[in-house]
Structures are given as structure tokens and as C-alpha cells.
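First up is the structure itself, then whatever we jot down about it.
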Amino acid sequence: FEILISNAKFDATKAAAPTWPTLENQTATAGKTFETTVEATAPKDAVGVRYELVGDKLPEGLKIDAETGKITWAIPADYVADKSVESVDVEIKVKATTIVKSEKDGPTTFGGSAETTLELTVANPNFKEEAVYTDWTAWLDAWVANAQARLEGSAANLQEYLNHCP
């Protein structure tokens, strides 16, 4: 017969961290709302997981629902302002923390945590690809055609002006 007397207290900070699956890269478009849900798996004995965004330079308006992991961001139309830039990559860092109760109806305490990064490519809807010429004759032909179009427009405008002169 053995009696074990223990004075150990439950330490929630030693609770295991949630685990993250591999997150797929995401795409979005400037000027539209981006939505996705990230989900970490809670350890066996946990009550759940709490989510939060981490980092010093989070994009303005980027939010996460602490309970569900739903990320939303109304991406400003001018987020990718330079028309010569096709897209911009954004890293969204998310932290998941294990939720543990130390007593049946006691206060909620938090255990271990783990972070992951969601890669988001924000496309520029105003992107204008510039022509790339491999030889000078193609460039010259394009330049001459552009100049002729401008001159024809100018000549037509001049003729119309002259037709209305006294």
C-alpha cells in the first residue's frame, strides 16, 4: 500500500502548443476584400485555440477573428499604386495559442503557442505591362506608328479648327 502526496499545481504555460497545417499561398486584388480562414489544431486536452495577428508592420485594416481564425482585409485600391508593378507579396503572421482551463469553472488560462505565415499576393488591377523590344527595328516601328497616330489626331484637330475659322 502506497500513499502519494503531491503539492503540484497545474501550470497552463506548460500546455502543448497548437499545430499548424501547411498553408496554401493566397491571392487577392487591390480594391477588393480578401477573406480566408486559418485553423490550427488544438492539443488533445485543450479547450480550444485563440488566434491573433503578429508583427510590427501589419497592413492597415487587416483583422483576424480571435475565435474562428477568419482573416479579413478590405485592401485599399491604391495598395499597389505603381502601375508598372504587377503584384506585391504580403506576409501575414498568425499566432495560435492553446486555451486551457485550470479549474472546471475557473478562469481561462492560455498554454503554448505557435506561429505560421500566410503568403498573400496582392494583384494590381491597374497593371500596364510595358512592351519589351528585343531589337531596335521593332522599337522604331512602334515609335513611328505611335507618332503617326498622334500626328493624324493633331492634323484632324487642326483641320477641324481651320474649318471653323472665319
Side-chain angles (χ1 to χ4, degrees), residues 1-136 138-139 142 146:
F1 181 83
E2 182 178 339
I3 298 177
L4 178 63
I5 300 175
S6 174
N7 200 11
K9 292 186 177 181
F10 176 73
D11 185 358
T13 61
K14 303 247 191 266
T19 56
W20 285 103
T22 300
L23 300 179
E24 298 285 326
N25 292 348
Q26 302 282 319
T27 57
T29 302
K32 301 198 182 230
T33 299
F34 168 74
E35 292 183 350
T36 192
T37 301
V38 294
E39 188 174 354
T41 303
K44 184 177 158 185
D45 296 330
V47 174
V49 175
R50 180 186 71 171
Y51 301 95
E52 64 184 293
L53 299 172
V54 293
D56 298 351
K57 298 177 182 175
L58 295 172
E60 188 174 334
L62 180 65
K63 298 175 185 166
I64 191 166
D65 184 301
E67 293 178 11
T68 66
K70 183 176 183 179
I71 297 172
T72 56
W73 182 25
I75 305 170
D78 63 349
Y79 188 76
V80 187
D82 186 345
K83 290 181 181 177
S84 68
V85 176
E86 185 174 5
S87 63
V88 173
D89 292 329
V90 178
E91 287 187 349
I92 301 172
K93 293 188 180 188
V94 182
K95 179 178 172 182
T97 304
T98 301
I99 301 174
V100 182
K101 289 227 181 212
S102 59
E103 299 173 22
K104 184 176 181 190
D105 295 313
T108 301
T109 55
F110 298 100
S113 61
E115 293 183 10
T116 192
T117 301
L118 174 69
E119 300 287 340
L120 176 65
T121 299
V122 179
N124 183 355
N126 300 314
F127 173 66
K128 298 211 188 249
E129 189 169 4
E130 294 186 22
V132 176
Y133 299 103
T134 56
D135 64 63
W136 68 272
W139 174 85
N146 187 20

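At least one side-chain heavy atom of Val122 sits under 4.5 Å from a side-chain heavy atom of Trp73.
To the nearest 0.5 Å, the span separating CD on Glu119 from OG1 on Thr27 amounts to 13.0 Å. Distance CD1/Ile75 to CG/Leu120: 6.0 Å, rounded to 0.5 Å. From Leu118, atom CG reaches atom OG1 of Thr36 across 6.5 Å, with rounding to the nearest 0.5 Å.
Under the 3.5 Å distance criterion, the side-chain polar atoms of Asn25 are left unmatched by any main-chain donor or acceptor of Thr121. Remark: the backbone N or O of Ala40 is paired with a side-chain donor or acceptor of Tyr51 at under 3.5 angstrom. At distances below 3.5 Å, at least one donor-acceptor pair connects side-chain atoms of Thr98 with backbone N or O atoms of Ala16.
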- Could you walk me through whether Asn124 and Glu86 pass side-chain contact (heavy atoms from CB on, under 4.5 Å), step by step? CA-CA 5 Å; Asn124 183 355; Glu86 185 174 5; 5.9 Å; no

* Checking side-chain contact (heavy atoms from CB on, under 4.5 Å) for the pair Phe127/Val80: CA distance, chi angles, key distance, verdict? -> CA-CA 9 Å; Phe127 173 66; Val80 187; over 6 Å; no

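Here the shortest heavy-atom pairing between Val94 and Ile71 reads CG2-CD1, 4.0 Å.
When the shell of 6.0 Å around CD of Glu39 is examined, it contains 12 or fewer heavy atoms from other residues, nucleotides or ligands.
Looking at residues two or more places apart in sequence or on another chain, you find a side chain to side chain contact (heavy atoms under 4.5 Å, CB included) between Asp65 and Glu67, Thr68, Lys70.
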